Visitor: 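Have a look at this one.
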Amino acid sequence: MSKAQPPKSAISPTRAEDYAEWYQQVVRAADLAETSPVRGCMVIKPWGYAIWENIQRVLDGMFKATGHKNAYFPLFIPKSFLEKEAEHVEGFAKECAVVTHHRLVAGKNGGLVPDPEAELEEPLIVRPTSETIIGAAFAQWVQSYRDLPLLINQWANVVRWELRTRLFLRTAEFLWQEGHTVHATAEDAREETLRMLGVYSTFAEQYLAMPVIRGPKTASERFPGAVDTYSIEALMQDRKALQAGTSHFLGQNFSKASGIRFLDAAGQQQLAWTTSWGVSTRLVGGLIMTHSDDDGLVLPPRLAPAHAVLWPVFRGDDTRAPILEAIEKLAQAMRAERFGDRAVEVETDLRDISGGDKQWEWIKKGIPLRIEIGPRDLASGSAMVMRRDRGPKEKESIPFAELPKRIPELLESMQRGLFEKALAFRDEQTHAIDDRQSFDRFFTPKSADKPEIHGGLALSHWCGRAECETAIKDALKVTVRCIPLHGIDGAKAAERLKEPGACIVCREPSQERVVFAKSY
RNA sequence: CGGGGCGUAGCGCAGUUUGGUAGCGCGCACGGUUCGGGUCCGUGAGGUCGGCAGUUCGAAUCUGCCCGCCCCGACCA
């Protein structure tokens, strides 16, 4: 075979060539997850799961800091529970896994079949979300206004029988947290809904380095059974929006369905007000699509499973021992430093494989810092430091004595740089569009057969009517992502929201712009 | 679930039209070589060709049914 030329990029195809395929290759090359023998379900591998663990750790701290406690509820939901809230049923019925038997027996042609004798009296649903089963518990727990607010979170897996799945972005089973709270008044519940939206938004921007727009969804995009649904929306590099977290004000719908009542200070029985909110392993997909490049995964340092990897470069046996010693010493010194809310985490890679392989493997895994020590470094008392947010061959020589102390600063600058880059990208792809013709052009690819990356966020006027929303969706597959609450960060787009105009479809008057985009 | 594509070694593929019982590259193991870099040479391990049934002396190859994956739609976090 002809001599293998190093490819121009470590991931093939590139983002521009085939974004969907690029995404899958990044996931694979970084060893984050793989498909499993179970339809629509993924195996999350250690490097990917460690990202999720970091997400969990940080969010869990934020939930506790806002007064929430963790609990755990059953995986199974009796069918009758799900039937209690009309809109909820309609929303989830079509994607539920159902358990009907509790025993298997040998079948006629070998193998196992459900025992007809062991059919359940009432089928159990594998939870697609837990409002109803948690509501039943809450009805018992809440008796008095003194029991409120009740602030509970659960870390769990849920199952939604999706027709088309993609690793992390949409899987049949996914991991998430779901917060469920009960309040004495509508105001308290609304405040909680927005508080948690704020927590998600802070987390997305400070940890995932993923700028988000927050605001309420339109009626058609609401969670089944919610009075109001709020979301954080992020823009991916293919210029499609990703709903990265949701927070719902459920009004009294689920209290009514589950009988969550309490006696107020005046001794009157009242229906409670509830909320729910959640983020899932989808955040990992969002992280990947926000920062990664044609060489693979790029990890924001705050959530990276490890911050740096050290490896030796040998040249002859006489330098071996002192280099290994220097590696170990430097790793220890680095581990004594802190970055954000945890110790600096360092891997050492002493595998006897070629330096090039090692280099590219860690690039594809997205580790923030790669550090190597060879004979020349040893002689000069320094190490070569390479950053994942710079070119693969850019190196900086830093003396051993200074390096550990500089790690937090380096990581911080990378974290900030990733956010700023993502923000600048979003700003570039965000446009105020006022006429339908420009709107259509914006969302129509030049090549129909093999659509190139196109579109972005359109800030346009909308009259608020569902039929105009549907018209856009049917024509262009573009939807209202949300109605921004606090404007949008980024210079150009910021001040264009709260101004009067005419609906992009029907030209009826509108008081503010909303965010339109194609989405995941 | 509709349209399209595809299932052959861990990964990427050839072989299927013209049936004769499996090959290439990468990866993996070992030896050497090289090494501030995705080395090069050699040796080797690894496959019930998605599954079941049929046609046939003989099936990766032909026929039927089923399963799964990917892309585009509908649905959705």
Side-chain angles (χ1 to χ4, degrees), chain A residues 1-10 12 18-21 23-25 28-29 31 34-41 90-95 109-111 128-129 158-178 200 217 220-221 223-224 229 231-234 241-248 276-286 295 311-316 319 323 352-364 370-378 383-384 386 392-393 395 397 445 448-451 473-474 477 479 519-520:
Chain A
M1 169 181 157
S2 68
K3 189 176 165 181
Q5 290 297 314
K8 287 185 280 301
S9 61
S12 173
D18 184 345
Y19 192 85
E21 181 62 20
Y23 174 80
Q24 299 198 128
Q25 294 303 328
R28 201 166 63 145
D31 210 25
E34 61 193 23
T35 53
S36 76
V38 186
R39 177 191 202 120
C41 296
E90 204 185 321
F92 286 107
K94 56 187 175 294
E95 51 183 22
N109 309 315
T129 179
V158 289
V159 168
R160 297 180 187 176
W161 212 261
E162 301 291 348
L163 300 176
R164 235 180 99 198
T165 57
R166 298 183 72 187
L167 294 177
F168 290 114
L169 295 171
R170 176 169 297 106
T171 45
E173 178 194 16
F174 56 95
L175 306 183
W176 78 345
Q177 59 69 216
E178 47 182 326
Y200 287 157
K217 294 295 230 180
S220 69
E221 301 261 328
F223 174 77
T229 287
S231 72
I232 53 171
E233 300 280 334
L242 183 79
Q243 179 173 313
T246 50
S247 186
H248 314 291
S276 69
W277 28 274
V279 297
S280 70
T281 34
R282 172 178 258 202
L283 288 179
V284 178
D295 285 329
W311 68 78
V313 177
F314 296 129
R315 214 174 223 288
T319 54
I323 288 176
D352 181 24
I353 60 173
S354 100
D357 285 347
K358 216 176 256 190
Q359 172 85 284
W360 286 102
E361 195 175 295
W362 287 106
I363 288 174
K364 287 185 280 193
R370 308 185 302 279
I371 299 171
E372 60 183 20
I373 301 179
R376 292 209 299 264
D377 305 304
L378 200 59
M384 281 295 181
M386 295 163 281
K393 297 197 169 141
K395 299 180 179 185
S397 183
D449 294 342
K450 197 174 177 301
K473 187 176 181 182
D474 291 347
K477 285 174 274 171
T479 50
S519 74
Y520 275 91

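Predicted model only: the values in this text are computed from it and were never measured. In what follows, every chain begins at residue 1, and chains take the letters A, B, ... in the order their sequences are listed.
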Visitor: Under the 3.5 angstrom rule, does the side chain of A:Gln177 hit a backbone N or O of A:Val279 as a donor-acceptor pair?
Guide: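 Such a contact is found between A:Gln177 side chain and A:Val279 backbone.
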Visitor: When rounded to the nearest Å, what value does the distance between P atoms of B:rC11 and B:rG50 take?
Guide: 13 Å
Visitor: So what does A:Gln359 touch, heavy atoms closer than 4.0 Å: a base, only the sugar-phosphate, or nothing?
Guide: base
Visitor: Using a cut-off of 4.0 Å on non-hydrogen atoms, how would the nucleic acid contact of A:Leu242 be classed: base, sugar-phosphate, or nothing?
Guide: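 If one applies the 4.0 Å heavy-atom cut-off, A:Leu242 turns out to touch nothing in the nucleic acid.
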Visitor: Under 4.0 Å, heavy atoms only, any strand: does A:Gly40 hit a base, just the sugar-phosphate, or nothing?
Guide: sugar-phosphate
Visitor: Between B:rC30 and B:rC24, how far apart are the two C1' atoms, rounded to whole Å?
Guide: 22 Å
Visitor: With P as the reference atom in both, quote the distance from B:rU34 to B:rC41 in angstrom, rounded to an integer.
Guide: 15 Å
Visitor: Between B:rG37, B:rC71, B:rG38, spot the one nearest the side chain of A:Ala20, thanks.
Guide: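 So the side chain of A:Ala20 is nearest to B:rC71.
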Visitor: If we take the P atom in both B:rG27 and B:rU17, what is their distance in whole Å?
Guide: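 The same atom, P, in both gives a distance of 33 Å.
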Visitor: According to a strict under-4.0 Å criterion, is A:Ser354 in side-chain N/O contact with OP1 or OP2 of B:rU39?
Guide: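 Answer yes for this pair, as a side-chain N or O of A:Ser354 is under 4.0 Å from OP1 or OP2.
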Visitor: Mark yes or no for a side-chain to base donor-acceptor pair under 3.5 Å between A:Asp377 and B:rG36, with no hydrogen or angle criteria applied.
Guide: yes
Visitor: Is A:Arg370 salt-bridged to A:Glu361, going by a charged N under 4.0 Å from an acidic O?
Guide: no
Visitor: With respect to the side chain of A:Ala10, which nucleotide from B:rC71, B:rG37, B:rG38 is positioned closest?
Guide: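 Out of B:rC71, B:rG37, B:rG38, the nucleotide with an atom closest to A:Ala10's side chain is B:rG38.
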Visitor: Given B:rG37, is OP1 or OP2 found less than 4.0 Å from the side-chain N or O atoms of A:Lys358?
Guide: no
Visitor: Now, which nucleotide makes the Watson-Crick or G-U wobble pair with B:rC62, with each of the two distances under 3.5 Å?
Guide: B:rG54
Visitor: Between A:Arg164 and B:rC72, does any side-chain N or O lie under 4.0 Å from OP1 or OP2?
Guide: yes
Visitor: When the P atoms of B:rU39 and B:rC75 are compared, how many Å lie between them, rounded to an integer?
Guide: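 Their P atoms lie roughly 49 Å apart.
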Visitor: Using a cut-off of 4.0 Å on non-hydrogen atoms, how would the nucleic acid contact of A:Phe223 be classed: base, sugar-phosphate, or nothing?
Guide: nothing
Visitor: In whole Å, measure the gap between the P atoms of B:rG36 and B:rC71 for me.
Guide: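 To the nearest whole Å, 41 Å.
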Visitor: Classify A:Lys217 by what it touches in the nucleic acid, base, sugar-phosphate, or nothing, heavy-atom distance under 4.0 Å.
Guide: nothing
Visitor: Show the distances under 3.5 angstrom between N or O atoms of the protein and N or O atoms of nucleotides 9-14 of chain B.
Guide:
residue	atom	partner	partner atom	Å
B:rC11	O3'	A:Arg28	NH1	2.9
B:rC11	O2'	A:Arg28	NH1	3.4
B:rC11	O2'	A:Arg28	NH2	3.3

